[in-house]
Structures are given as C-alpha cells and as structure tokens.
Amino acid sequence: MTEQAIGVIGGSGLYEMEGLAEVTTVRVETPFGEPSDEFVTGILNGVRMVFLPRHGRGHRLLPSEVNYRANIYGMKKLGVERIISVSAVGSLKEAIVPGHIVIPDQFIDRTKGVRADTFFGNGVVAHVALADPVCAQLSNVLFDAAQRAGATVHKGGTYVCMEGPAFSTRAESFMYIGLGASVIGMTNLTEAKLAREAEICYGIIALSTDYDCWHDAHEDVSVEAVIQIIKQNVATAKNIIRHAVADIAAERSCPCASALRYAVISDPKVIPAETRQNLDLLIGKYLPG
C-alpha cells in the first residue's frame, strides 16, 4: 500500500482541480474488475489526492453500471483513508434550494439489487455496522469547509438512493417527502456501504440541482437543469475540497478506521484461498496467518 491519501469521487471537472501538482494517471487492477476510469493522483496543499470520475470520463456509465466495488477497492489500494463524494441530488425540501449544498448523514435504500454493494460472499461473511453510514468527523469538516467557501450549506439530512436512470415518478417524490427525506440521488449509498467495509471514511458534498418533480412552482427535473446547476457549482465544490483538505487530521479517531475488526464471522479455516487472497487488502490484518 502507498502513503495515505484523500480520495474524491465525482463528475467532470474535479480531476482538473486548479492547484493540483505532480499530476499522474494510474490504472488500478482489482479482483472485482475494472474501475470506472483511470485514477488521477496529485498533491494539493501538501496532501496526496486521488480523483476518480464515478461515471467515467464523458459520463458513459449508468448509476447501475458503475463498478462500485472496483472503484472503492482501487481507492483502498492507492492508500486512500477518506473519500469525499461530490454528487448531484434532487431536493425534497423547500429550504434546500437548487444551488445549495447538503452534507447528508443518513440514507434510505431504493435500489433494486442489480448492483453489487458488498465485498463479501464467496465463502466469507461479514456484517459491518451502518447505523451511521457516513463519517461524522469528515462530514463536520466538509460542513465547516462549505461555510468558509461561502456556500449555502445544510448539515445533515436523509439521502434517498434510487436505482435510476429515470427520475422519480410524482407519486414516489411525494412518498419520499412523507418519509422525511431531504435529497434524492442514485449513487452514494452504494459507495458508503463499500467504503465502510473498506474501513474508509466517507463524506458527501451533495449539490442540489432541482426540486425533483414535487414542487408546483418549479419545473420538473430535467437533464438540462441538472447540468446547468452542476456547472455553476463545480467551482464551489472545488473550493470546499480545498478548505477541507487543510482541516483533515493526519490521524483518524473515528469508528470507520476499524469497522471490520469484529465484522467477519466466518471461521478463517473455511474461507476459500482465492477469496482470502482477493480480500487480503481489507481483512488480512484481522485473520490469523
């Protein structure tokens, strides 16, 4: 494993952050197939950064087609201990205006099981705690950084993770409001689950782009509207990351760092050799030699 790093998963523009020095591209092989694209590494304010476009350059992968396991495993292999996710979301609350930033802290799962969201199986069983699915310490840093960057930011809130790629029906949108959710997107819960299994801290900078389809006074969500708001917010997201990087402590004291310590319940003697080898990066330190 290489030196510790901070990872960023997001869309176009983030791997072109101004001020990133010593930029290189890295192709990472994983036991779970190909990541979304090559990783971009560099130095920002003295901190090693690893960037990955979630949907691939040119945005060619559906949310259900993203190889989340390969993406998170690749981050782990490159020494990433914290991941900052930058994502577009629809707002489910009047107060979260398009253009605002949200730092969610909870999820509701509306995916349909077509995407792999665990590293385990194939002879090994593990159950990580997910009551608090994002890293509270990293989220606090992101919230403070967003305030210093001049963004209108909302701390906390529930993110509905839907399958996509179509947007919600109007009935679904009202149902999510009834559940008390704050925003809706298609990717972050899957990443959060895998990051926890990889003992990587995970935090979200959610860019509110629209009011989904529930708001009578606003047009229903469209790709055109989403892209327009994203373009306006790319600079804000970059600025938040710059501020956050300066405030992230070198050492971790959160539960994320040891999430797997008691999670594996399989008898090590029955774990197949291939599975053990594939997961050595994640669980090797907890298994007897």
Side-chain angles (χ1 to χ4, degrees), residues 3-24 39-54 71-72 75 78-89 91 95-106 132-157 159 182-183 185 187-188 191-192 195 200-209 229-257:
E3 62 181 301
Q4 299 172 7
I6 296 173
V8 176
I9 299 177
S12 300
L14 289 176
Y15 46 82
E16 299 172 347
M17 179 178 289
E18 295 83 357
L20 195 66
E22 301 178 26
V23 177
T24 60
F39 292 83
V40 178
T41 71
I43 305 296
L44 180 65
N45 296 331
V47 178
R48 198 169 74 88
M49 305 291 294
V50 178
F51 293 82
L52 182 70
R54 176 184 292 112
N71 290 352
I72 301 299
M75 287 280 184
L78 290 173
V80 168
E81 290 193 339
R82 298 174 177 90
I83 290 175
I84 300 171
S85 165
V86 181
S87 305
V89 295
S91 169
I96 300 174
V97 177
H100 286 190
I101 304 296
V102 183
I103 312 296
D105 59 3
Q106 281 294 332
D132 299 302
V134 300
C135 178
Q137 292 182 12
L138 180 55
S139 294
N140 287 338
V141 169
L142 294 177
F143 176 74
D144 292 342
Q147 289 185 308
R148 291 201 306 280
T152 302
V153 57
H154 303 263
K155 186 176 184 180
Y159 175 123
S182 298
V183 295
T187 57
N188 286 173
E191 291 176 352
I200 298 174
C201 299
Y202 185 81
I204 303 165
I205 301 172
L207 312 177
S208 172
T209 60
I229 295 292
I230 287 177
K231 287 181 178 179
Q232 293 172 3
N233 279 277
V234 164
T236 300
K238 291 179 180 180
N239 204 13
I240 293 171
I241 292 169
R242 288 191 196 94
H243 283 291
V245 165
D247 288 346
I248 293 176
E251 300 297 326
R252 294 193 292 170
S253 59
C254 56
C256 313

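Positions are given from 1, in the same order as the sequence printed here.
- Looking at Ser91, its side chain does come within 3.5 Å of a backbone N or O of Ile96 through a donor-acceptor pair.
- The main-chain N or O of Ala136 is found under 3.5 Å from a side-chain atom of Asn140 such that the two form a donor-acceptor pair.
- Leu44 CG to Leu20 CG: the interatomic distance, rounded to the nearest 0.5 Å, is 6.0 Å.
- Within the 4.5 Å cutoff, the side chain of Ile241 has no heavy atoms near those of the Lys238 side chain.
- The shortest distance between side-chain heavy atoms of Phe51 and Ile6 does not fall below 4.5 Å.
- Here the closest non-hydrogen pair linking Pro104 and Val183 is CG-CG2, 4.4 Å.
- Panel note: side chain Arg82, backbone Ile200; no donor-acceptor pair is recorded below 3.5 Å.
- Leu52 contributes atom CG, which lies 4.5 Å from atom CG of Asn71 (distance to the nearest 0.5 angstrom).
- Summarising the geometry of Ile83 relative to Leu138, their closest heavy-atom pair is O-CD2, 3.4 Å, with the distance given to 0.1 Å.
- The shortest non-hydrogen separation linking Ser139 to Val134 is OG-CG2, 3.7 Å.
- Residues Glu191 and Tyr202 have side chains that bring a donor and an acceptor to within less than 3.5 angstrom of each other.
- Nearest heavy-atom pair across Pro133 and Gln106 is CD-NE2, 3.6 Å.
- Side chains of Met75 and Ile9 form a contact here, defined as non-hydrogen atoms less than 4.5 Å apart.
- How far CD of Glu251 is from CD of Glu81: 8.0 Å, rounded to the nearest 0.5 Å.
- Side chain of Asn45 to main chain of Ala246: no donor-acceptor pair is present (N/O by atom type, distance under 3.5 Å, no hydrogens or angles).
- In this structure, Ile103 CD1 and Gln147 CD are separated by 9.5 Å, a value rounded to the nearest 0.5 Å.
- Under a 3.5 Å cut-off, the side chain of Thr41 and the backbone N or O of Val50 do not form any donor-acceptor pair.
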- Query: Do Met49 and Val47 pass the side chain to side chain contact (heavy atoms under 4.5 Å, CB included) test, and can you show the C-alpha distance, the side-chain angles, and the key distance before you say yes or no?
  - Reply: CA-CA 6 Å; Met49 305 291 294; Val47 178; 4.2 Å; yes
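- Ion pairing between Asp247 and Arg148 holds under the 4.0 Å rule for side-chain N and carboxylate O.
- Counting all heavy atoms, side chain and backbone alike, Arg54 lies closest to Val86 at NH1-O, 3.3 Å.
- Note that SG of Cys254 is 11.5 Å distant from CG of Asp132, once rounded to the nearest 0.5 Å.
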- Item | Residues Cys201, Arg252; criterion side chain to side chain contact (heavy atoms under 4.5 Å, CB included); working and verdict | CA-CA 9 Å; Cys201 299; Arg252 294 193 292 170; 3.3 Å; yes
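- Within the 4.5 Å cutoff, the side chain of Val97 has no heavy atoms near those of the Thr152 side chain.
- Of all the heavy atoms in Ser87 and Asn188, the pair that sits closest is OG-ND2, 2.8 Å.
- Here the CG-CD1 distance, from Leu207 to Ile101, works out to 4.5 Å after rounding to the nearest 0.5 Å.
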